[in-house]
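Some notes on the structure that comes next.
All of these numbers come straight from a predicted model, not from anything done at the bench. First listed ligand is number 1; within each ligand, the first listed atom is number 1. Every heavy atom of this structure was used, including side-chain atoms; hydrogens, water molecules and symmetry mates were not.
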Amino acid sequence: MKQRHLLLALAVGASAISLSACKKEPAEPVTTAAPAAAKGETADEFIARVNDEYRKFYPEINSAQWLSSTYINDDSQMLAAKANERYLTQLNGWIEQARKFEGQKMSPDTARAIQLLKLMTAMPAPKDPAKLAELTQIATKMEGMYGSGSYCTGEGAAKQCRQLGELEDVLRSSRDYDKQLDAWQGWHTIAQPMRKDYTRFAELVNEGAKEMGFADTGEMWRSGYDMTPVEIAAETDRLWGQVKPLYEQLHCYTRTKLEAQYGNDKGQVNGLLPAHLLGNMWQQDWGNLWDMLEPYKGVGNLDITSALEKEYQADYARELAKAGAAPSTEKLFAAERAAQLDVAKQMTERAQDFYTSLGMPKLPESYWSKTQFIKPLDRDVVCHASAWDMNMAGDVRTKMCIKPNEEDFTTIYHELGHIYYDLAYNKQPPLFQGGANDGFHEAIGDTMVLAMTPKYLNSIGMVGTPQQGNEALINSQMRMALAKVSFLPFGLMIDRWRWGVFDGSIKPDHYNQAWWELKAKYQGVGPATPRGEDFFDPGAKYHVPGNTPYTRYFLSHILQFQFYKGLCDASGYKGPLYDCTFYGNKVAGQKFWAMLEKGSSQPWQATLKELTGSDKADAGAVLEYFGPLQTWLKQQNEGKTCGWPAPAAASAAPKPSAGQQG
Ligand code: X8Z
Ligand code: ZN
């Protein structure tokens, strides 16, 4: 109890190492077998020792986790669990030892480091070793189930099994209602068996969080924002209120187009957008509906996916030529794989070029040899994109299953944002090697994506000469809105669900009902067929079985517009915000790098102020950026009844305590 009060009273906290990037993190330490604390050690000496020991430990745990994510099998998972166990034991020891410094005089840096130490995991584990073992086993199992998830249809010779990537391809490209429904439902079958595991998982992490002095795991997650858990929850509500009218306009326009495509009865469900028709498994990015939603057909040449596909075809033709006349099946296959790898690397080189154009360093050689660019075919891997700092000393990698399409292209820019953040703050002591908060970590690469204007895309040969005029502008704004605006309510609803699970207001026998109520409330999205409690639809989204907090992405989608505006200003740009690219501008690059170097060494508000002049998260830049589109959407939607009915339960106010009392 005392610890919780201390924690909140200090109102310190930012995401630390393991919470900051999108990588699998170790579970919480459990045993009390702490490494010995030196007698008479001061708080400053203690933190220096923890930094030192942590740095030594770090490569081992990362190697084990890298292996278990890129070779999912029983052996790699067992080894990862063992490495975790050793690491977690040590971490628990540090947290235990830190208690003796409570209330003592220490430097502000040491006080901050101690707070960060307590928030280093998103998976607080109970102290009971048996329960810890159970928790880590469940966590490993759920992530493995997600990574190896497969939907099989047919029997005997006609049996066909498809993994997430292939099912996503259907949603991306097919406009056949039934095929899309089958792909969407098929993927969601992989999560059904997770329901029991997740229920137990939630019980166990809550026990761990309570032992650490938090009301529940959700409150612990909300404690990493240099403000109280109550304040950050209210902040996200406020920010959502700012952008909701824009989202509602985009929703209204999209519903009209879906109805035109699929008919009034199928293009909507009680005013909600049908979950399987939005081109994305989770309805978090509607960019794949470009064929349906492009405001002015063919104006502006923004078809990045086609450009990448062409690149792939050209590369494949080159590889085939190397294989000689009448190549064997093996050679044909090898040519295909070589072309896929080539294009994935070319896409990554383009992203790297953006960063180096700002004056940032090239990625080290080891990045190129150790990264997983494309999906291996001989084993299961976790395809969900992630960025890894293996040793705090330059061994950085990304893990993706890259395909030549726009979504993956921008995801590479996103992942390199994590990597450049890692490289920039590697000079900091390990406990300060994190994002200013976790939303910052997610926003770096996306800030670059905002600077991918038609002018930039043309300059790198991706699209033709940018067209001028209002129609081209609206097309370009729509392209960005389908990725960014559609995401906003999704970024919020996932943790609204988990906060409810953790604070007990969402009970296991209502997991799915609450999920769909929140999807309806925030996103205006609904399932085309009933999704009762025999399903566990939250488990079909990586971050739930992977236990990655999600509010970071909502914050990122606000912050990245503030960063973008700040960098445009720094570059000396004058003009409408949406037209700005700081590509190639070293002054902007220097300013960005200076922010990255700070890591989590100071409250994020101070870091934000240094970059943007303001210490408050604010959606003003989002609204400024999308001004022309919002006006256009209002015109398109004129005379339509926009909005959607709120589901009864989810429209109720959140449980007053919401696990947030300090
Ligand atoms: O998980 C990610 C990244 C890794 S941190 C690929 N993102 C969220 C998601 O895919 O759900 C990026 C945007 C949102
Ligand atoms: Zn990320």
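Not a single N or O atom of H414, backbone or side chain, sits closer than 3.5 Å to an N or O atom of ligand 1. Not a single N or O atom of T411, backbone or side chain, sits closer than 3.5 Å to an N or O atom of ligand 1. For ligand 1, one of its N or O atoms has an N or O atom of Y553 under 3.5 Å away.
Taking the side-chain hydrogen bond (donor to acceptor under 3.5 Å, both in side chains) definition, one finds that Y151 meets it with D182, sequence neighbours left out. For K519, there are no salt bridge (charged side-chain N to carboxylate O under 4.0 Å, His left out) partners at least two apart in sequence or on another chain.
The line from OG of S600 to OH of Y425 is 7.5 Å long, rounded to the nearest 0.5 Å.
For ligand 1, the atoms closer than 4.0 angstrom to any heavy atom of K541 are 9 (C), 10 (O), 11 (O). Of all the atoms in ligand 1, the ones that sit under 4.0 Å from a non-hydrogen atom of Y550 are 8 (C), 9 (C), 11 (O), 14 (C). Each of the atoms 9 (C), 10 (O), 11 (O), 14 (C) of ligand 1 lies under 4.0 Å from some heavy atom of Q284. Numbered from 1 in the order shown, with element, the atoms of ligand 1 that lie under 4.0 Å from a heavy atom of E415 read 3 (C), 4 (C), 6 (C). Ligand 1 places these atoms under 4.0 Å from at least one heavy atom of F487: 14 (C). Each of the following atoms of ligand 1 lies closer than 4.0 Å to a heavy atom of A385: 4 (C), 6 (C). The distance from ligand 1 to the heavy atoms of H418 drops below 4.0 Å at these ligand atoms: 5 (S). Residue contact check: E442 has heavy atoms under 4.0 Å from atoms 5 (S) of ligand 1.
Between D422 and R397 no salt bridge is recorded (no basic side-chain N to carboxylate O distance below 4.0 Å).
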| Which is it for R479 and I304 under the side chain to side chain contact (heavy atoms under 4.5 Å, CB included) test, yes or no, and what are the steps along the way? | CA-CA 11 Å; R479 173 183 153 263; I304 297 172; 3.5 Å; yes
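With S174 contributing its side chain and Q180 its backbone, the two residues share no donor-acceptor pair below 3.5 Å.
Ring orientation note: the planes of F354 and Y583 are tilted relative to one another, at an angle of 30° to 60°.
Considering just the N/O/S atoms of H418, the one nearest the Zn ion (ligand 2) carries the name NE2. Nearest N/O/S atom of E442 relative to the Zn ion (ligand 2): this is OE1.
Nearest heavy atom pair, residue T217 against residue A122, reads CG2-O, 4.1 Å.
Inter-residue side-chain proximity for Y58 and D389 is flagged as met; some heavy-atom pair is nearer than 4.5 Å.
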